[in-house]
Amino acid sequence: MENPVLFISLTLAFYLWHTFGVTIGLHRLLSHRAFRCHKAVEYFFVLGAYLAYHGSPIWWATIHRAHHRYVETELDPHAPKFGPLKAYFFFRHWSYPAHFDPARLSPDLLKDPVYKHLEIGGNWKVGYSLNIAICILFRVLLFVFFGWEVLAASLVASIAALNVPLLLNIGCHTRRLGYRNFAVDDDSVNVWWFAIIGLGDGWHNNHHAVPGSSLMGLRKHELDPSWLVLKVLQKVGLVYYINESMREVAGKSSVPVPVPVSPEAL
């Protein structure tokens, strides 16, 4: 490797784009509608996640909404209490079961023609095959125009950005790994090192207490990089509404009433 500093810098840049694509694009925007922004901003972040092998945006958001609705029951698509492999590999059937049909849980996302096309009629394996093909094409183009070091940086970053949220689903529902600010009816915990590599999503117990909030950090030490990015974008007019309802519970009882998650509220 001729320039390791350049390689590390490029890997970090790709990682930030891909992971903010998950935390901001797929998670806080598409899954929870926790802020509003211009469509170009939405597609920029969602594309970052899509190019890290996260599959159809509708598939991802529908499964996450189902996770909140059925958290840690047998209907939860990735509850580690039923085995870490099940949680890691997410949901892997040919079609959606009735309890998380996108037509019921994600009707708002089906209205977007781009997302609907990437969904390929609800067959996630065909949709994911399309995702893999586009990811390969993207990296072939990187190699052709910029060389193997840029390709390698992109590969390393994208694989890391794919695995962080999958591992976060396990670690942030394992009580011994973190702490809880809220006595919610699940095993969600805040894990500081997942908050670092997950760019704020590791404050998972906070998130399960107030899932509609774009702000996930509550205490002074709970830094939330994804929320900070949204605040910067709001300052320059690219984001025009941010749900910060986490602030409303600051200083109150440590046992709040969890915000209900429903298709209408998402």
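By convention here, the first residue in the shown sequence is residue 1.
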Residue list, side-chain contact (heavy atoms from CB on, under 4.5 Å) with Leu177, at least two apart or on another chain:
Thr174, Val191

Do Phe45 and Val229 touch side chain to side chain, with heavy atoms closer than 4.5 Å?
yes

Provide the full list of salt bridge (charged side-chain N to carboxylate O under 4.0 Å, His left out) pairs with a residue in residues 110-120, sequence neighbours left out, each pair given once.
Lys39-Asp112

For His54, the side-chain hydrogen bond (donor to acceptor under 3.5 Å, both in side chains) test, sequence neighbours excluded, returns Trp60

Residue pair Phe182 / Leu218, side-chain heavy-atom distance below 4.5 Å:
yes

For the pair His18 and Phe14, name the ring-plane relationship: parallel under 30°, tilted 30 to 60°, perpendicular over 60°.
parallel

Results of side-chain hydrogen bond (donor to acceptor under 3.5 Å, both in side chains) for Asp224 - residues two or more places apart only
Arg28

If you apply the rule side chain to side chain donor-acceptor pair (under 3.5 Å), what do you find for Asp76 with His67, and how did you get there?
CA-CA 5 Å; Asp76 186 341; His67 166 63; 3.0 Å; yes

Leu10 vs Phe146, test: side chain to side chain contact (heavy atoms under 4.5 Å, CB included). Steps then yes/no.
CA-CA 12 Å; Leu10 287 171; Phe146 302 106; over 6 Å; no

Less than 4.5 Å apart, side chain to side chain, heavy atoms only: is that true for His207 and Asp201?
no

Tell me whether the rings of His221 and Tyr179 are parallel (<30°), tilted (30 to 60°) or perpendicular (>60°).
tilted

Is it the case that the side chain of Asn206 and the backbone of Met216 share a donor-acceptor pair, with hydrogens and angles ignored and the cut-off at 3.5 Å?
yes

Over 60° means perpendicular and under 30° means parallel, so tell me whether His208 and His68 are parallel, tilted or perpendicular.
parallel

Assert yes or no for the condition that the ring centre distance of Tyr115 to Tyr43 is strictly below 6.0 Å.
yes

Linking Ile, Leu, Val, Met, Phe, Trp and Tyr by side-chain heavy atoms under 4.5 Å, what else ends up with Leu75?
Tyr70

Does Asp186 pair with Arg175 as a salt bridge, N-O distance under 4.0 Å?
no

Arg36: which residues meet the salt bridge (charged side-chain N to carboxylate O under 4.0 Å, His left out) condition with it, sequence neighbours left out?
none

Using the ring centroid of each side chain, check whether His173 and His78 are separated by less than 6.0 Å.
no

